[in-house]
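FYI, the numbering just counts along the sequence from 1.
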Amino acid sequence: MEGLGLILLGPPGSGKGTQAELFENRLGLKKISTGDILRDAIRKGTELGKLAKEHINRGELVPDDVVVALVEEALKKTSDGYILDGFPRTIEQAKRLDRILEKLGKKLDAAVLFAVPDEEIIKRLSARRVCPKCHAVYNMVTKPPKRDEICDICGTPLVMRDDDKPETVRRRIEVYRRDTEPLVDFYRNRGLLVEVKAVGDPEEVFNFIIGALKK
Ligand code: AP5
């Protein structure tokens, strides 16, 4: 499984970030998360961060040119396998990814689609808490910290992501259906789509994905 090139595709809160981390830790694939890169820029208050914040807090996508450039930079630095979490999110991004991969001599092995019902998404995101310091992700229902709303790793009080407010989550789901869902057919038509039921314990979902990739 080492050296694989993977895309994780799925609605907000479907568990892409959780699985990308498992893949990075266990299989050594380099995780490239556009959401994490953008949130890091927001925290640092850079020009990129200011631009990203305007879009993210409304539940809208950041412009294609901006995220494509970030991914190209990140892919250039990977020497082995990679896992793209939250990219591409539009057909335009997918077409430009093809060109970047070709230029860098890298391959794409599969686009893994996470299937999760909308009610589960809302439940997961309203219970998600993140550490503003070390960025660990928790869930007050399924993965609570040991002490009430305090990070197990660095002891910092946990916070809710600004874009996890219910009205913003609803908008993110609409944007996903409109802009990102067309990628399902895009990758299916190329024989690259691997669909997994992303409910159940994250360990179980990880094993479903591995099993589906082996087929
Ligand atoms: P991004 O951070 O990528 O957000 P997202 O795709 O909406 O996904 P989330 O991070 O909300 O969820 P996830 O699927 O990673 O789930 P997680 O593992 O955290 O992007 C944020 C914003 O940045 C976008 O809205 C956009 O504005 C911008 N952006 C990013 N990429 C862009 C791009 N390519 N183009 C344009 N704009 C872009 O899990 C969620 C919760 O559920 C956690 O609490 C977790 O503990 C829990 N959980 C995980 N797995 C399970 C499980 N199996 N069972 C129960 N609970 C689980």
Task: Glu24 atom CD, neighbour heavy-atom count above 12 within 6.0 Å - done: yes

Donor-acceptor list for residues 206-215 side chains, cut-off 3.5 Å, not counting sequence neighbours:
from	atom 1	to	atom 2	distance (Å)
Asn207	ND2	Glu203	O	3.2

TODO: Output all residues satisfying salt bridge (Lys or Arg N to Asp or Glu O under 4.0 Å) with Asp36, sequence neighbours left out; order by chain, then residue number.
DONE: Lys31, Arg39

- [ ] Mind jotting down which residue pairs meet the ring-ring contact (aromatic ring centres under 6.0 Å, His included) criterion with at least one end in residues 99-136? Sequence neighbours excluded, please.
- [x] none

- [ ] Mind running side chain to side chain contact (heavy atoms under 4.5 Å, CB included) on Phe186 and Arg190 for me, showing each step along the way?
- [x] CA-CA 7 Å; Phe186 181 90; Arg190 301 165 77 187; 3.0 Å; yes

Open item on the list: Working to the nearest 0.5 angstrom, can you tell me the gap between Leu84 CG and Lys16 NZ?
Closed with: 12.5 Å

Open item on the list: Under the criterion side chain to side chain contact (heavy atoms under 4.5 Å, CB included), I'd like the reasoning laid out for His55 against Arg58: C-alpha separation, chi angles, the key distance, then a yes or no.
Closed with: CA-CA 5 Å; His55 296 276; Arg58 284 190 282 119; 3.9 Å; yes

TODO: Any chance you could pull the hydrophobic cluster mates of Tyr138, using side-chain heavy atoms under 4.5 angstrom and chaining through other members?
DONE: Ile153, Leu158

Task: Approximate separation, where rounding is to 0.5 Å, of Asp109 CG and Tyr82 OH - done: 7.0 Å

Name the atoms and distances for all side-chain donor-acceptor pairs under 3.5 Å in residues 68-76, with sequence neighbours left out.
from	atom 1	to	atom 2	distance (Å)
Glu72	OE2	Lys103	NZ	2.8

Open item on the list: Within this structure, what is the OG1-CG distance for the pair Thr90 and Leu61, rounded to the nearest 0.5 Å?
Closed with: 7.0 Å

TODO: Would you mind reporting whether Pro145 and Ile150 have side-chain heavy atoms less than 4.5 Å apart?
DONE: no

Open item on the list: Which residues pass the side chain to side chain contact (heavy atoms under 4.5 Å, CB included) test with Arg178, not counting sequence neighbours?
Closed with: Glu60, Arg171, Val175

Open item on the list: For Ile32 and Phe87: C-alpha separation, side-chain torsions, deciding distance, then whether side chain to side chain contact (heavy atoms under 4.5 Å, CB included) applies.
Closed with: CA-CA 9 Å; Ile32 301 173; Phe87 180 93; over 6 Å; no

- [ ] With sequence neighbours left out, write down each residue that passes salt bridge (Lys or Arg N to Asp or Glu O under 4.0 Å) with Lys165, or none if nothing qualifies.
- [x] none

Open item on the list: Within this structure, what is the CG-CG distance for the pair Leu22 and Leu29, rounded to the nearest 0.5 Å?
Closed with: 11.5 Å

TODO: Nearest 0.5 Å please: distance from the CG atom of Leu183 over to the CG atom of Leu193.
DONE: 10.0 Å

Open item on the list: Is it true that, when you exclude Glu102 itself, more than 12 heavy atoms of the residues, nucleotides or ligands shown sit nearer than 6.0 Å to its CD?
Closed with: no

Open item on the list: Applying a strict under-4.5 Å side-chain criterion to I, L, V, M, F, W and Y, I'd like to know whether Tyr187 and Ile100 cluster together.
Closed with: yes

Task: Single-linkage hydrophobic cluster Leu8~Val205, side-chain heavy atoms < 4.5 angstrom - done: yes

- [ ] Please check if any side-chain donor atom of Thr18 sits under 3.5 Å from a side-chain acceptor atom of Lys143, or the reverse.
- [x] no

TODO: For residues Glu149 and Pro157, determine if any side-chain heavy atom of one lies less than 4.5 Å from a side-chain heavy atom of the other.
DONE: no

Open item on the list: Using a 3.5 Å distance criterion without hydrogens, assess whether the side chain of Gln93 forms a donor-acceptor pair with backbone atoms of Arg89.
Closed with: yes

TODO: Please assess Val67 against Leu38 for the test side chain to side chain contact (heavy atoms under 4.5 Å, CB included), listing each intermediate value before the final yes or no.
DONE: CA-CA 9 Å; Val67 283; Leu38 295 168; 4.2 Å; yes

Task: Donor-acceptor pair, side chain of Lys133 and main chain of Cys151, under 3.5 angstrom - done: no

Open item on the list: Once salt bridge (Lys or Arg N to Asp or Glu O under 4.0 Å) is applied, do any residues pair with Glu120, and if so which ones, sequence neighbours excluded?
Closed with: Lys123, Arg124

Open item on the list: Main chain of Asp164, side chain of Arg128: is a donor-acceptor contact present, judged purely on distance under 3.5 Å?
Closed with: no

Open item on the list: If the condition is side chain to side chain contact (heavy atoms under 4.5 Å, CB included), which residues does Lys50 pass it with, not counting sequence neighbours?
Closed with: Glu47

- [ ] Could you tell me whether Lys30 atom NZ has more than 12 heavy atoms of other residues or ligands within 6.0 Å of it?
- [x] no

TODO: Without swapping roles, check the side chain of Glu181 against the backbone of Tyr176 for a donor-acceptor pair under 3.5 Å.
DONE: no

TODO: Identify, with sequence neighbours excluded, every residue that meets salt bridge (Lys or Arg N to Asp or Glu O under 4.0 Å) alongside Lys44.
DONE: Asp40

Task: Salt bridge flag under 4.0 Å for residues Arg96 and Asp64 - done: no

Open item on the list: My understanding is that only residues two or more places apart in sequence, or in another chain, count here; which of them pass side chain to side chain contact (heavy atoms under 4.5 Å, CB included) with Asp185?
Closed with: Arg188, Asn189

Task: pair Asn57-Thr168: side-chain heavy atoms closer than 4.5 Å - done: no

Open item on the list: If you count heavy atoms of other groups shown closer than 6.0 angstrom to NZ of Lys107, is the number above 12?
Closed with: yes

TODO: Kindly indicate whether the side chain of Leu97, heavy atoms from C-beta on, has any atom under 4.5 Å from the side chain of Ile7.
DONE: yes

Task: Straight-line distance of Ile121 CD1 to Ile173 CD1, nearest 0.5 Å - done: 4.5 Å

Open item on the list: According to side chain to side chain contact (heavy atoms under 4.5 Å, CB included), who are the partners of Val141, at least two apart in sequence or on a separate chain?
Closed with: Ala127, Asn139

